[in-house]
Colleague: 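One structure is given below, represented as structure tokens, and several questions about it will come after.
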Protein chains: 2
Amino acid sequence: MLRDERHQRIIDMLDSNRIVSVSEIKANLQVTDMTIRRDLKALEEKGLLTRVHGGAKGNKEYYSQELSHGEKQQMNIDEKRYIAQLAAARIEENDTVFLGPGTTNEFIYDYINVSQARIVTNSIPVFLRFMNDPRFELLIVGGRYREKTNAIVGTFANEMLQQIKVNKAFIGTNRIHEHHITNLNEEEGVLQKIILENASEKYILADHTKFAQEAFYIFYDVRNVDAIITDQLIDPEIKAFYEKITTVIN
Amino acid sequence: MLRDERHQRIIDMLDSNRIVSVSEIKANLQVTDMTIRRDLKALEEKGLLTRVHGGAKGNKEYYSQELSHGEKQQMNIDEKRYIAQLAAARIEENDTVFLGPGTTNEFIYDYINVSQARIVTNSIPVFLRFMNDPRFELLIVGGRYREKTNAIVGTFANEMLQQIKVNKAFIGTNRIHEHHITNLNEEEGVLQKIILENASEKYILADHTKFAQEAFYIFYDVRNVDAIITDQLIDPEIKAFYEKITTVIN
DNA sequence: TACATTTAGGACAAAATCGAACAAAAATAG
DNA sequence: CTATTTTTGTTCGATTTTGTCCTAAATGTA
């Protein structure tokens, strides 16, 4: 890989990551630490980033136009990142992984730590995250684009997914109520059901605010999933309830 | 291979990759490193690319207007826009249209003038162009993402397209030689053949530099398409030749 | 604090790339 | 056809880049 290409990629990584470690870059670009340090040094001299021990952080304005604490809280960004981290830790070398729509699944990219994997998704934002990273073979589900969730749905999508077996599926959900995993939209629910049925390991991602809410379109039963991945703010009682029927990771 | 053709091919490569290495070009064009270095030197002097150790990167950003006249000329931006305009004029209300990969097809978005249509594509950049425009129902072809051309290809893609009938298909091509429409890549050629066979009206988009060049992967016969859409710089003899076997729009 | 682990960077070696000079081949002119 | 010009290939030393090794500094941990 050419030096300029590496430089570009490092900048790309900093676009979505605000801080990257030498080892992350190393896994990504398949060169020695020393080369990366030299790259970082050069990029720092150009004023494109600031080196820190173990890596580098970006110094673009848009990193500072970060969300306010209140906004973050509103969207549960921290919780979602926490969940994404737990989910990413489940992904192993050469896995074939399905990632559904949702911010949490988008964040998984930031924490995934393998040198090779196959990613299947019906989410455009997820796809765009992984798009330019050579570690991943990317499969996008075909079908109709649904603007509301930036996801691909419909008959074509369902048919394609019926033919795909994945090691692990990570599905974000709108609501979990008793045994019911639900989605606000039927089409997306149908699709998620299909992929869950074709996945060896089924994970449901849901931050603590998703529990004990009313159900809309029920697409799956909690008892059939391998684990619910959630954050630490989950109500202990709710956690206890779900621990009786499946695994809860948080 | 002629020098001008090599130059064009190098520019083509930079059209889809932001950086190319000498060895990549070498593998593609089957000439010595030295010749490529000389080519790169010449192209750099024309302002069409920037050499870096081991290769060259493009000066493009063809979406921005920042290109000089000379640069635009080499990439045939004006011609591509002209062709896109002619193609867009063919699209009518409520059409179902397939748009393949390529800059020309991306430009179609800028000229399309309908209040409702269904767009089918296997090109990520095309998809992203149309994505947030409520006038269009968008279908994306599923399958494996091919980074080189930002397109979706492979078995899934082929299977899905086999089930889709479109009114009009617009296919950009790498080269047209005699009766042969060719592509540099077999997978993409196969896919384009499938969609052409399922399209009521078949249009080939090719700027004037694409004619009378050597063939790579032949995927279709010119005599079976409804029209070739090209620009006004096409050689009159070549135009006359193709007018005998199909329609030429320019 | 002391000790282990990780990260940094200098120094040198290895590998890749570059480009000048010349030879070979191809194209063009006469 | 031969002579001339242009283009491409080859060789080889210079340059640049990358990897390896090793020591120092920083960080983590008991």
Side-chain angles (χ1 to χ4, degrees), chain A residues 1-14 17-59 82 85 88-89 93 110-116 133-135, chain B residues 1-14 17-59 74 177 209 211-216 235 237:
Chain A
M1 178 173 308
L2 270 47
R3 184 175 50 174
D4 269 63
E5 191 176 356
R6 284 198 316 269
H7 286 191
Q8 195 58 55
R9 280 205 196 284
I10 292 169
I11 296 297
D12 282 353
M13 292 178 79
L14 279 168
N17 271 5
R18 118 178 234 112
I19 188 159
V20 289
S21 69
V22 172
S23 51
E24 277 177 300
I25 305 175
K26 184 180 170 182
N28 216 310
L29 306 183
Q30 322 254 3
V31 284
T32 353
D33 317 26
M34 198 55 222
T35 302
I36 291 161
R37 286 196 201 96
R38 285 189 273 237
D39 287 342
L40 294 180
K41 192 179 173 195
L43 289 168
E44 184 175 43
E45 279 163 8
K46 282 198 206 168
L48 296 170
L49 50 76
T50 306
R51 294 187 69 185
V52 296
H53 193 87
K57 62 178 181 179
N59 45 5
Y82 176 83
Q85 219 166 338
E93 286 297 331
D110 296 336
Y111 303 105
I112 198 167
N113 188 26
V114 296
S115 64
Q116 207 161 25
D133 193 322
R135 291 177 293 169
Chain B
M1 179 176 305
L2 272 52
R3 184 169 49 173
D4 276 1
E5 189 181 353
R6 282 201 317 270
H7 285 193
Q8 191 59 50
R9 292 274 290 275
I10 292 169
I11 295 295
D12 279 357
M13 291 178 80
L14 279 170
N17 304 42
R18 55 188 167 190
I19 191 164
V20 289
S21 68
V22 171
S23 51
E24 278 176 295
I25 304 175
K26 186 179 169 182
N28 236 296
L29 306 186
Q30 320 254 353
V31 283
T32 354
D33 316 26
M34 198 55 224
T35 302
I36 292 162
R37 284 196 208 98
R38 284 188 273 240
D39 287 342
L40 293 181
K41 193 179 172 194
L43 289 168
E44 184 175 43
E45 279 163 7
K46 283 199 212 167
L48 298 167
L49 49 77
T50 305
R51 285 234 273 165
V52 297
H53 192 89
K57 59 182 180 181
N59 298 344
Q74 181 78 26
H177 183 62
T209 63
F211 290 88
Q213 302 265 10
E214 276 194 36
F216 296 89
D235 183 305
E237 276 185 37

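Reminder, nothing fancy here: chain letters follow the sequence lines and each chain counts from 1. A quick note: this is a predicted structure, and the numbers were derived from the prediction, not measured.
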Colleague: Could you walk me through whether Glu44(B) and Thr50(B) pass the side-chain hydrogen bond (donor to acceptor under 3.5 Å, both in side chains) test, one step at a time?
Modeller: CA-CA 6 Å; Glu44(B) 184 175 43; Thr50(B) 305; 5.3 Å; no
Colleague: Could you pick out which residue, Leu2(A) or Gly54(A), lies toward the 5' side of DNA chain C when each is mapped onto its nearest nucleotide?
Modeller: Gly54(A)
Colleague: Could you state the atom-to-atom distance from CD of Glu45(A) to P of dG9(C) in whole Å?
Modeller: 11 Å
Colleague: Can you measure from CZ (Arg9(B)) to CG (Leu14(B)) and round to the nearest 0.5 angstrom?
Modeller: 13.0 Å
Colleague: To the nearest 0.5 Å, what is the distance between OG1 (Thr35(B)) and NZ (Lys26(B))?
Modeller: 10.0 Å
Colleague: Closest approach to the side chain of His53(A), judged atom by atom: which nucleotide of dG9(D), dT27(D), dT17(C) is it?
Modeller: dT27(D)
Colleague: For His7(A) and dT16(D), what is the distance between atoms NE2 and P respectively, to the nearest whole Å?
Modeller: 16 Å
Colleague: Regarding Asp39(A) and Arg3(A), does a basic nitrogen lie under 4.0 Å from an acidic carboxylate oxygen?
Modeller: no
Colleague: Arg3(A) side chain: which of dA8(C), dG9(D), dT18(D) is closest?
Modeller: dT18(D)
Colleague: Distance check needed: dG9(C) C1' versus Asp39(A) CG, whole Å only.
Modeller: 14 Å
Colleague: Could you give the CG-to-P distance, from Asp33(B) to dG13(D), as a whole number of Å?
Modeller: 18 Å
Colleague: Let me know the distance between CD1 of Ile36(A) and C1' of dA8(C), rounded to the nearest Å.
Modeller: 13 Å
Colleague: Should Leu49(B) and Ile10(B) count as side-chain neighbours, where that means a heavy-atom distance under 4.5 Å?
Modeller: yes
Colleague: Look at the side chain of Met34(B) and decide which nucleotide, out of dG19(D), dA26(D), dG19(C), has an atom nearest to it.
Modeller: dG19(C)
Colleague: Tell me whether the side-chain N/O atoms of Arg37(A) come closer than 4.0 Å to OP1 or OP2 in dA8(C).
Modeller: yes
Colleague: Can you tell me if Arg38(A) touches the phosphate of dG10(C), counting only side-chain N or O atoms and a distance under 4.0 Å to OP1 or OP2?
Modeller: no
Colleague: What is the distance, to the nearest angstrom, from the NZ atom on Lys41(A) to the P atom on dG10(C)?
Modeller: 6 Å
Colleague: What integer distance in Å separates Leu29(B):CG from dT7(D):P?
Modeller: 17 Å
Colleague: Check this one for me: any side-chain N or O of Thr35(A) less than 4.0 Å away from OP1 or OP2 of dT18(D)?
Modeller: no
Colleague: Find the distance Leu40(B):CG to dT17(C):P and express it as a whole number of Å.
Modeller: 13 Å
